[in-house]
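Note that the structure is a prediction, hence the values are computed from the model and not measured.
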Amino acid sequence: MSEEYKVKVEHLTKYFGDLHVLDDVSFNIKKGEFLCVVGPTGCGKTTFLNLLTRIYMPTKGELYIDGERADPKKHNLSVVFQEPSAMPWLTVEKNLRFGMEIKKLAKDEIDRRVLNMIKLLGLEQFRDRYPHQLSMSTAQRIIIGRAFAMQPDLLLMDEPYGQMDIKLRFYLEDEVIRLWKEMGTTVVFITHNIEEAVYLAERVLILTNKPAKIREEVNVDIPRPRKVSDPEFVKIRNHVTEQIRWW
Amino acid sequence: MSKKHGLNLSKAEIMEHRLEILYRILPLISVLLLVGLWMIASRDFNADVGSGFPTPAAVWDRTVRLFTRPVKKMNLIMHALVSLRRIGLALAFDWTFGIIFGIIIGWFPKPRAFFTPMFDAFRAVPPLAWIPLITLWFGIGEFPKILIVIFGSLASIVVNVKAGLSAVDKMYLNVGTVFNATPMQTLIKIAIPSSLDAIFAGVRTSTSAAWMVVLAAEMLGADSGVGFLISRGMDSIDMPLVLTGMIAIGIVGAILAILTQFVERLICPWTRKSK
């Protein structure tokens with residue numbers, strides 16, 4: 001098995017009862033790659049992610065991380081879920097600490113990373129607030145901070161910016177790019193926003209309708225920072241849009 | 001147009017303002033009406049033969065007399081404290097054993113499958129039905145009374161804790177899975193905190209259940225406690241004493257409710273919905 005690949009997906013198939021969600025999907029993700037997965041709503045993007053984290057088990061096929069069968073016990077991975085998943089009983093700061101405390105990191109290391117995240121995400125004034133006291137987008141920032149603070153080598157993001165206002169989304173898109181470059185994390189970013197996918201990804205994976213197969217892989221070789229008005233950007237965006245509208 | 005804070009209010013705002021005032025007045029009217037009804041109902045009260053419904057004044061006098069001439073050397077507050085001590089001991093058991101048991105049958109599927117039928121059978125029996133057996137086994141001391149209170153209040157905490165633990169949001173458990181939490185971490189750092197409001201609902205209902213059952217237990221055989229005051233009043237056709245006891249029960253019950261609510265806010269600050 002090649003060392004170059006962070007994730008190998010082989011003949012991945014998933015049924016929920018009679019519902020066929022993923023159909024024989026195979027692809028690889030390179031180490032340190034930023035991959036976006038796009039596809040129509042309800043096509044099985046989230047299912048794919050939940051298979052990687054072993055929240056679900058595949059019906060057929062297998063997922064490998066670093067050449068081993070995917071297992072959150074062995075691999076340092078983090079997930080940003082689509083739904084607001086901040087613990088309502090913890091303050092912002094304690095939510096940021098949560099994952100690291102589960103993994104029993106040293107206290108001063110946790111302090112350092114949390115402080116960094118609070119600064120990075122502009123959460124200073126919310127430190128001691130509870131999630132229900134915050135707006136949707138602020139609550140989602142906690143989740144992003146919680147995931148990045150883990151310094152995962154595989155970060156899975158499931159439409160993390162879906163709930164956010166546009167300004168903050170642009171800001172956090174740049175932020176995720178910055179963190180990705182800094183940490184060398186492999187990122188799988190699921191979205192239904194095509195512009196977002198082309199803006200972020202090195203490679204865009206387009207899925208078909210359910211049962212999902214890979215429609216096409218599109219390499220995005222545009223230098224960063226990317227401009228949404230750049231003709232090359234527009235060309236790729238239109239191409240991806242066409243592929244999704246194809247059926 | 002009326003003026004308030006120097007602003008012109010629209011018709012709708014004036015209506016809203018008036019409604020707010022009305023909502024504040026209505027509870028007062030309710031209390032006054034109750035006292036009024038009480039006075040009307042007690043018109044025919046005769047203290048000497050104990051006929052009719054006691055007047056507010058007679059109840060007040062009786063309450064004062066309870067302090068100047070205590071019953072069984074105890075005034076009203078001491079009787080209330082005796083009752084509170086009984087439920088305190090019972091609740092101490094409920095809140096330790098009951099919560100642990102609730103967590104076990106709420107969280108672990110095998111104990112749940114095993115204990116649920118047993119527990120459902122137990123809680124289907126009204127606590128007062130245990131009185132003959134408990135009296136036979138343990139006599140009429142302090143312990144059997146506390147035991148009856150436990151039997152009457154344990155179920156409500158166990159049921160609430162169990163409900164909370166068996167309905168932890170999958171989302172939070174998934175977060176635990178992803179961060180590779182151990183089963184123990186999942187229980188202690190996710191499941192129990194996320195059920196704290198359900199656990200507190202159990203604390204509240206068990207407190208009020210315990211308070212009801214202790215009075216019943218005391219009425220059936222005790223020489224102290226608020227329930228005893230009521231049965232003493234009944235035996236000696238001293239209706240003002242009965243009313244004194246009833247009102248004391250209401251006041252203590254309300255204080256307990258406020259107290260548990262206060263503690264809940266202290267321990268679960270995130271359940272407060274304020275900004």
Side-chain angles (χ1 to χ4, degrees), chain A residues 46 49-57 65 70-92 94-105 126 128-135 138-139 142-143 146-147 149-152 154-158, chain B residues 95 99-100 102-103 106-107 109 157 160-204 260-275:
Chain A
T46 301
L49 202 126
N50 285 340
L51 287 165
L52 260 178
T53 56
R54 287 299 196 237
I55 287 170
Y56 303 142
M57 295 306 276
I65 302 177
D71 183 355
K73 283 189 184 57
K74 283 187 203 144
H75 306 109
N76 183 17
L77 52 85
S78 260
V79 182
V80 176
F81 292 101
Q82 193 172 358
E83 302 91 345
S85 63
M87 307 298 183
W89 59 90
L90 297 177
T91 60
V92 168
K94 285 183 180 152
N95 259 297
L96 291 173
R97 306 181 76 91
F98 183 81
M100 294 184 278
E101 281 177 352
I102 291 280
K103 294 221 166 172
K104 294 191 175 140
L105 267 59
F126 304 120
D128 300 318
R129 298 280 191 86
Y130 288 95
H132 78 266
Q133 300 172 308
L134 307 172
S135 68
T138 312
I142 306 173
I143 312 300
R146 182 175 71 188
M150 299 297 288
Q151 303 188 347
L154 179 59
L155 177 63
L156 310 169
M157 303 179 87
D158 186 4
Chain B
W95 295 347
I99 289 178
I100 292 169
I103 289 172
W107 187 242
I157 186 122
N160 275 287
V161 176
K162 180 189 166 192
L165 265 292
S166 53
V168 178
D169 193 330
K170 194 97 182 49
M171 177 87 243
Y172 305 132
L173 298 177
N174 285 347
V175 173
T177 308
V178 165
F179 287 134
N180 190 21
T182 62
M184 203 54 182
Q185 283 175 323
T186 308
L187 175 61
I188 288 175
K189 293 207 160 214
I190 299 174
I192 292 177
S194 88
S195 316
L196 267 180
D197 48 350
I199 294 175
F200 256 98
V203 165
R204 259 184 279 120
T260 48
Q261 207 170 13
F262 176 75
V263 175
E264 174 169 11
R265 286 187 180 182
L266 214 65
I267 296 182
C268 315
W270 62 90
T271 55
R272 253 177 297 182
K273 287 288 174 227
S274 62
K275 287 259 167 190

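Heavy atoms closer than 4.5 Å to chain A are found nowhere in Leu173(B), neither backbone nor side chain. In this structure, no portion of Met100(A) lies under 4.5 Å from any heavy atom of chain B. Contact annotation for Ser194(B): both backbone and side-chain heavy atoms come within less than 4.5 Å of a heavy atom of chain A.
Note that OG1 of Thr177(B) is 10.0 Å distant from CG of Asn50(A), once rounded to the nearest 0.5 Å. Here CG of Asn174(B) is found 3.5 Å from CD1 of Ile55(A). Values are rounded to the nearest 0.5 Å. Note that NZ of Lys104(A) and CD of Gln185(B) are 5.0 Å apart. Values are rounded to the nearest 0.5 Å.
Interface remark: of the candidates Glu83(A), Arg146(A), His75(A), Arg146(A) forms the most heavy-atom pairs closer than 4.5 Å to chain B.
Ring orientation note: the planes of Trp270(B) and Tyr130(A) are tilted relative to one another, at an angle of 30° to 60°.
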message: What verdict does the side-chain contact (heavy atoms from CB on, under 4.5 Å) test give for Leu196(B) and Trp89(A), after you've listed the backbone C-alpha separation in whole Å, the side-chain angles of each residue and the deciding distance to 0.1 Å?
response: CA-CA 9 Å; Leu196(B) 267 180; Trp89(A) 59 90; over 6 Å; no
Stepwise side-chain contact (heavy atoms from CB on, under 4.5 Å) test for Val175(B) and Met87(A): CA-CA 9 Å; Val175(B) 173; Met87(A) 307 298 183; 3.8 Å; yes
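Looking only at side-chain heavy atoms (C-beta outward), Phe179(B) and Ser78(A) come within less than 4.5 Å of each other. The side-chain heavy atoms of Val178(B) and Leu77(A), taken from C-beta on, include a pair separated by under 4.5 Å.
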